[in-house]
Amino acid sequence: MVRLQPDPFLNELTSMFERTTEHGSVWVTLKHSSDKSKAQRNKMKTAGETLEFKCLIRATDGKKNISTMVGAKDHQRFQASYAILLKARLTALKKRERKDKRKATDSDKKMDISKKKSAAAKAST
């Protein structure tokens with residue numbers, strides 16, 4: 001797996017999306033990580049040092065794997081660039097089918113009216 005800086009990672013991710021436009025998929029995973037081994041983290045914890053946690057981002061198209069680490073300082077900028085990339089490249093997604101709002105509200109009104117009638121009939125007896 002190739003570890004890249006955040007900007008080259010986004011460029012490579014763009015090229016992965018371009019290669020898989022006709023067919024194929026790109027998997028992106030995000031993981032909370034300190035980039036240190038458990039023994040190193042325990043030593044730092046006992047010494048009273050603070051750990052800086054980062055976000056490990058991995059991407060693969062099945063043939064090529066890339067990754068990057070994004071710290072807290074760069075997270076907002078990276079997330080904005082990543083969101084723009086996703087909005088531009090995820091054009092093949094299908095829109096969700098929604099019910100017609102008028103039909104849904106009409107059926108809800110009918111249910112409310114029938115409940116009121118049954119409550120009134122019970123109250124009168």
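Position 1 is the first residue of the sequence; numbering continues from there. Values reported hereafter were calculated over all heavy atoms of this structure, with side chains retained and with hydrogens, waters and symmetry mates removed.
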With a 4.5 Å cut-off on side-chain heavy atoms, are [Y] and [X] touching?
X	Y	value
V2	N65	no
I57	F78	yes
V26	L13	yes
C55	H32	no
R19	K64	yes
L85	L10	yes

Going hydrophobic residue to hydrophobic residue with side-chain gaps under 4.5 angstrom, can you get from [X] over to [Y]?
X	Y	answer
W27	L86	no
L90	I84	no
V70	V28	yes

Residues in ring pair (Phe, Tyr, Trp, His ring centres under 6.0 Å) contact with H23, at least two apart in sequence or another chain: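 None.
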Could you go through E12 and T14, starting from their C-alpha distance and side-chain angles, then the distance that decides it, and tell me whether this counts as side chain to side chain contact (heavy atoms under 4.5 Å, CB included)? CA-CA 5 Å; E12 189 62 35; T14 303; over 6 Å; no
CD of Q5: more than 12 outside heavy atoms within 6.0 angstrom?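 Atom CD in Q5 is not packed in, count stays at 12 or less.
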Compare every heavy atom of M16 with every heavy atom of A59, then report the nearest pair and how far apart it is.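 Shortest heavy-atom separation between A59 and M16 comes out as O-CE, 4.0 Å.
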Quick one: closest heavy-atom pair of K54 and G71, and the distance?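 Smallest interatomic distance, heavy atoms only, reads CG-CA, 4.0 Å.
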Can any side-chain N or O of T68 pair as donor or acceptor with the backbone N or O of L4 at less than 3.5 Å?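 Yes, because the side chain of T68 sits within donor-acceptor range (under 3.5 Å) of the backbone of L4.
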Indicate yes or no for a side-chain donor-acceptor contact from T21 to the backbone of F17 under 3.5 Å, with no hydrogens or angles considered.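 No: the side chain of T21 does not pair with the backbone of F17.
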With Q76, which residues qualify under side chain to side chain donor-acceptor pair (under 3.5 Å), at least two apart?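 By the side chain to side chain donor-acceptor pair (under 3.5 Å) rule, Q76 matches no residue at all.
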What's the separation between atom CE in M69 and atom CZ in F53, rounded to the nearest 0.5 Å?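 The distance works out to 10.5 Å.
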Please report the interatomic distance NE2(H75) to OH(Y82), rounded to the nearest 0.5 Å.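 So the NE2 of H75 and the OH of Y82 are separated by 10.5 Å.
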Any side-chain donor paired with an acceptor under 3.5 Å for T20 and D61?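 On atom types as modelled, these side chains do not qualify, holding no pair under 3.5 Å.
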